[in-house]
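Worksheet: one structure, shown below.
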Amino acid sequence: MMSDEFQPCDGGCTCGHVRYRVTSRPLIVHGCHCRWCQRQSGGAFAVNALVETDRVKLLSGDVEEMMLPSPSGKGQRMARCPKCRVTVWSNYYFGGLRDYIRFVRVGSLDNPDLMPPDVHIFTSTKQPWVILPPDHMAVETYYDTKTTWRPESLKRLNDIMVLASDGKE
């Protein structure tokens, strides 16, 4: 788990064209073991830090966004370096909050050790050779946000939901 004190941290793509900064502690960090994340990451699971869009600052370069299918059927918008094609974050539908929360690919941080998973999700499809530490929170599919997220993250989520609803009639 992350310490209570948060220092902004930087990340980027492999070739260095894209550089970004995360300016606040994530809402939560997922270790996602679903088959989609396995396929898209090319690994056993993906680690995504959920952070408000306005708290992920593009420092240099530009990203190319593309929509890809997702298990929800609502797609996910992936932000990739146009040169080396590394994905640095995605925006999932996430209950209509796609434009407000980025799923930062923790592996693209300069120091990914700063954001270990708070919860492992979709462990029903994790690779059998991946052994999770017994003290880590893990769920077979997805979790209940109200009982899993920290109180300060729930408040931030509520603020995002208010912001998202302001522009809707």
Side-chain angles (χ1 to χ4, degrees), residues 1-3 6 9 11-14 18 20 22 24-53 55-56 63-81 84-154 156-158 160-161 164:
M1 298 289 183
M2 286 183 285
S3 73
F6 181 82
C9 51
C13 64
T14 299
V18 174
Y20 68 87
V22 176
S24 76
R25 182 179 183 160
L27 296 159
I28 194 164
V29 180
H30 292 164
C32 185
H33 298 264
C34 78
R35 296 294 184 193
W36 285 80
C37 282
Q38 290 176 32
R39 184 177 303 111
Q40 288 178 353
S41 70
F45 59 97
V47 182
N48 292 303
L50 284 66
V51 183
E52 294 94 324
T53 301
R55 297 177 186 204
V56 181
V63 294
E64 177 182 83
E65 294 186 338
M66 61 186 300
M67 284 296 286
L68 291 175
S70 68
S72 73
K74 303 199 185 229
Q76 66 174 310
R77 191 172 57 227
M78 312 260 307
R80 295 181 170 169
C81 171
C84 69
R85 312 295 295 155
V86 166
T87 301
V88 289
W89 63 73
S90 351
N91 293 72
Y92 291 85
Y93 176 72
F94 204 66
L97 301 177
R98 181 190 325 262
D99 293 333
Y100 301 92
I101 298 176
R102 289 193 170 145
F103 286 58
V104 174
R105 296 289 174 97
V106 170
S108 70
L109 290 169
D110 295 346
N111 185 357
D113 301 355
L114 296 173
M115 294 188 194
D118 294 307
V119 60
H120 290 270
I121 59 176
F122 296 102
T123 60
S124 61
T125 53
K126 80 171 184 58
Q127 292 299 312
W129 43 265
V130 171
I131 308 300
L132 301 176
D135 61 334
H136 281 213
M137 183 184 300
V139 294
E140 286 196 14
T141 56
Y142 204 72
Y143 55 80
D144 175 52
T145 302
K146 290 179 182 172
T147 60
T148 305
W149 286 28
R150 295 177 306 275
E152 63 271 16
S153 292
L154 289 171
R156 287 166 53 194
L157 179 61
N158 186 63
I160 295 165
M161 293 167 61

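The residues of the chain are indexed from 1 along the displayed sequence.
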Pair up each side-chain donor or acceptor in residues 126-134 with any protein partner under 3.5 Å, not counting sequence neighbours, and list the distances.
| residue | atom | partner | partner atom | Å |
| --- | --- | --- | --- | --- |
| K126 | NZ | V130 | O | 2.5 |
| Q127 | NE2 | Q38 | OE1 | 2.7 |

Measuring from [X]:[atom1] to [Y]:[atom2], what's the distance to the nearest 0.5 Å?
| X | Y | atom1 | atom2 | answer |
| --- | --- | --- | --- | --- |
| T87 | L68 | OG1 | CG | 8.0 Å |
| I101 | I160 | CD1 | CD1 | 4.0 Å |
| H30 | L50 | NE2 | CG | 5.0 Å |
| M78 | M66 | CE | CE | 8.0 Å |
| R39 | C34 | CZ | SG | 9.0 Å |

Could you tell me which residues satisfy salt bridge (Lys or Arg N to Asp or Glu O under 4.0 Å) with [X], sequence neighbours excluded, listed by chain and number?
| X | value |
| --- | --- |
| E140 | none |
| D110 | R19 |
| R35 | none |

Contact summary for [X] and [Y], nearest pair of heavy atoms:
| X | Y | result |
| --- | --- | --- |
| K74 | M67 | O-CE, 3.8 Å |
| V47 | F45 | CG2-CE1, 3.6 Å |
| Q76 | P69 | NE2-O, 4.1 Å |
| P26 | S153 | O-OG, 4.1 Å |
| R98 | G75 | NH1-O, 2.9 Å |
| L154 | K146 | CD1-O, 3.6 Å |

Tell me, do [X] and [Y] make a side-chain contact under 4.5 Å, heavy atoms counted?
| X | Y | result |
| --- | --- | --- |
| L27 | E52 | yes |
| V88 | V56 | no |
| S90 | Q40 | no |
| R102 | R55 | no |
| V104 | M115 | no |
| Y20 | L109 | yes |

Inset, instruction - For T53 and Y100, indicate whether the former's side chain and the latter's backbone hold a donor-acceptor pair under 3.5 Å. - result: yes

Considering residues at least two apart in sequence or located in another chain, which fulfil the side-chain hydrogen bond (donor to acceptor under 3.5 Å, both in side chains) criterion with [X]?
| X | value |
| --- | --- |
| R105 | N48 |
| H33 | H120 |
| T123 | none |
| W36 | none |

Inset, instruction - Return the set of residues passing ring-ring contact (aromatic ring centres under 6.0 Å, His included) with F103 (not counting sequence neighbours), or none when no residue passes. - result: Y92, F94

Inset, instruction - Could you tell me which residues satisfy ring-ring contact (aromatic ring centres under 6.0 Å, His included) with F122, sequence neighbours excluded, listed by chain and number? - result: none

Legend entry - Pairing residues for D99 by the side chain to side chain contact (heavy atoms under 4.5 Å, CB included) criterion, not counting sequence neighbours: R77

Legend entry - Residues that M161 engages under side chain to side chain contact (heavy atoms under 4.5 Å, CB included), provided they are two or more places apart: L97, L157

